[in-house]
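All ligand and atom numbering here is 1-based and tracks the order in the structure.
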Amino acid sequence: MNNNNVASQPFDDQRPGTSGLRKKVKVFQTPHYLENFVQAIFDTQTDLSGGSLVLGGDGRFYNREAIQIILRMAAANGVAKVIVGLGGLLSTPAASCLIRKYKTDGGIILSASHNPGGPDEDFGIKFNTPNGGPAPESVTEAIFSRTKQIDAYRITDHDDVDLDQVGEMRIGETLIQIVDSVIDYTELMADLFDFERIHQLFNSGAFTMCFDAMHAVTGPYAKHIFEERLGAEPGTVINSTPKVDFGGGHPDPNLVHAHELVTNTQGHNGVDFGAASDGDGDRNMILGRDFFVTPSDSLAVITANAHLVKGYTSGISGVARSMPTSQAADRVAEKLGLECYETPTGWKFFGNLLDAGKITLCGEESFGTGSNHIREKDGMWAVLFWLNLLAVRQQSVESIVREHWKSYGRNYYTRYDYEAIDKAAAEALMQSLGDKLDSLVDSDIDGYQVAYADNFSYTDPVDSSISSNQGIRIGFTDGSRIVFRLSGTGTQGATLRVYLEAYEPDPQKQTSPTEEVMKPLVTIAQNLAEIAQRTGRTEPTVIT
Ligand code: G1P
Ligand code: ZN
C-alpha cells in the first residue's frame with residue numbers, strides 16, 4: 001500500500017456557500033477537484049489527523065465514488081477512524097447525531113440537499129465541526145483560502161471498501177467502521193418523543209398518515225420508525241427506496257415537488273397527516289387533510305406546544321429563526337417571555353446559540369426545523385414532533401393551527417423564487433434596491449407605510465462575529481414585510497428569492513387565500529426591485 005502525493009493546481013471556485021460546496025456532478029468529476037477540496041479540509045482541520053471522522057451522504061449520483069476517494073485520502077492523511085453510513089448513506093441529521101454521539105473530530109457530508117441528482121445534476125460536500133453542526137464561516141473561509149494555495153493532495157492506493165455490510169476493516173492504519181445509522185438515530189428520537197403514545201394513535205385505527213421520502217435518504221429511517229416502531233400501516237412511507245437520481249424528481253418537500261403526497265392528503269379519503277423530507281433528510285413539510293402548514297407556522301406551533309412533548313416538557317430556553325422566516329415565532333416567544341433571535345439564512349448561524357444554551361428550538365422558512373438535540377435541521381424530528389403533538393392533543397392538524405392563529409394572529413407567508421437568472425443582472429438589482437433604502441423609510445407605497453428598510457447585518461451574540469449584507473428587509477407598520485436576497489446554494493446563474501409576509505390579527509379575516517392577501521405586496525416587490533425590467537422574468541420559477 002502506497003501513500004501518494006499527487007501534484008495539483010488550485011481551482012478558484014471552491015468557496016462554500018450557504019451549505020457547503022455545491023456544483024454540478026461534472027465539475028466534481030474534474031480530475032483533482034473533489035480531492036483538492038477534501039485536502040483543504042484535512043489541511044485546515046488538523047485534529048482529524050490521528051482523530052476520527054463521520055462520513056456519508058444522501059445517496060445521490062457520485063456519492064459512492066466520492067466516499068471511496070475520501071476514505072483513501074483519510075488514510076493517507078492519518079485519520080485514525082472513519083465512521084461511514086451503511087451503503088454510504090447518512091441523512092444530514094443522522095450524521096450530526098453520530099458526530100455528537102461518538103464525539104468525533106467532525107464529519108464530511110456529501111449532499112446537495114434538495115437539488116436534483118444524476119450525472120448532469122448537482123453534487124455537494126460540506127464539513128461539520130465536532131459539535132455536529134455545519135462549519136461556521138471562519139472555518140469555511142479557512143478551507144476556501146487553503147483551496148487557493150493547494151498544490152498537492154495525499155491519497156492511498158487501495159481497493160474500494162465494501163460499504164454494504166456493517167462491520168470494520170482497515171485501510172492501512174485507518175479503521176473504517178460501517179454503521180447502520182438508523183439504529184443510533186432511532187434511539188435519539190425515542191428519547192425525545194413519546195413512542196408509546198404515538199403507537200396508540202396509529203393503533204386506534206382512526207388516524208392515517210402518508211410520509212413521502214421522495215426516493216431520497218430518509219426512506220430507511222422512515223420505514224423503520226413509522227412502520228416498524230410506531231405501528232403505522234405498511235405503505236405509509238411512499239417512495240422509500242433511495243435512488244441516485246431521486247427517481248428523476250426534485251427531492252424538495254414543498255407543495256410543488258411533493259405532488260403525490262399532496263394528492264394523498266386531499267378530499268374525504270385524504271390521510272389525516274402528511275409529511276415529506278428532502279434529499280438529505282433535513283427539511284420537512286407538514287400537511288393536514290386539505291391543509292398546508294407553512295414552515296414558519298410550524299416553528300411557531302412547535303414553540304407554543306413544546307411543553308406537551310416528552311423531550312421538551314421541562315421548558316425551552318429560547319427560539320431563533322432565520323431573517324426571512326415569518327415573525328410568527330416571535331409572537332409566541334413574546335407571550336411566553338422567551339428570547340427570539342433573528343439570524344442570517346443558513347443553519348450554521350444557529351450553532352453558537354444552541355451550543356451556548358440560548359435557544360432550544362430554531363427554524364427557517366425553507367422547510368427547516370430543529371432543536372438542540374443535534375446541530376442540523378431535522379426532517380424526521382419535525383414530523384415526529386407533530387405526531388407526538390397530534391397524539392397528545394387529539395385534534396386535527398388544521399384545528400391546531402387555526403387555534404394557534406386565534407391566539408397569536410396569522411402570519412400569511414409566501415416565497416417567490418426567480419431561478420437561473422443572469423448573475424450580473426441579479427447583483428445589479430440588489431445593488432439598486434440597496435441604494436433606494438434610505439429614501440424608502442417612512443414613505444407610503446400603495447397605502448403601506450414603510451417602518452424600516454435595511455440590509456440585514458447580524459452580530460453573533462456569542463462570539464460577536466459580524467455577517468453583513470444578508471438580505472434586504474422592508475418592514476411596514478402593519479407588521480407585513482418584504483425581503484429580498486440572492487440564494488447561496490444555486491449552481492446555475494443566480495436565484496433571486498422574494499419573501500412576503502402579511503400579518504392578520506383578526507380571527508374573522510384569517511381564512512382568505514394566501515395569494516389574495518399577498519397580491520398588493522407582490523406588486524410592491526416587483527415594482528420596487530424592477531424584477532421584470534432587470535431579469536426579463538414576469539413570473540417566478542417557483543412559488544412556495
Ligand atoms: C437555502 C435556504 C436556506 C437553507 C439552505 C440549505 O439557501 O433558503 O434557508 O438553510 O438552502 O438548506 P439559499 O439557497 O437561500 O442560500
Ligand atoms: Zn437538505
Can you sort out which atoms of ligand 1 are near Lys377, meaning under 4.0 Å from one of its heavy atoms?
4 (C), 6 (C), 10 (O), 12 (O)

Taking the six-membered ring for Trp, is the centroid-to-centroid distance between Phe385 and Tyr312 below 6.0 Å?
yes

With distance as the sole criterion, is a donor-acceptor pair present between the side chains of Glu260 and Asn239 under 3.5 Å?
yes

With a cut-off of 2.8 Å, which protein N/O/S atoms are close to the Zn ion (ligand 2), if we only count those under it?
Ser113 OG, Asp278 OD2, Asp280 OD1, Asp282 OD1

Is it the case that the side chain of Arg415 and the backbone of Ile543 share a donor-acceptor pair, with hydrogens and angles ignored and the cut-off at 3.5 Å?
no

Using the test ring-ring contact (aromatic ring centres under 6.0 Å, His included), find all partners of Trp347 that sit at least two apart in sequence or belong to another chain.
Phe350

By salt bridge (Lys or Arg N to Asp or Glu O under 4.0 Å) - contacts of Arg534 (at least two apart):
Glu530

Atoms of ligand 1, numbered as shown, that sit under 4.0 Å from any heavy atom of Gly488
13 (P), 14 (O), 16 (O)

With a cut-off of 4.0 Å, which atoms of ligand 1 are near a heavy atom of Gly346?
10 (O)

Set of ring-ring contact (aromatic ring centres under 6.0 Å, His included) partners for Phe11, sequence neighbours left out
Tyr33

Assess, by modelled atom type and distance only, whether the side chains of Arg497 and Tyr418 contain a donor and an acceptor separated by less than 3.5 Å.
no

Under 4.0 Å between heavy atoms, the region of Ser487 that gets near ligand 1 turns out to be both

I want to check a possible cation-pi pair here: Arg410 against Tyr412, using under 6.0 Å from ring centre and within 45° of the ring axis as the test.
yes

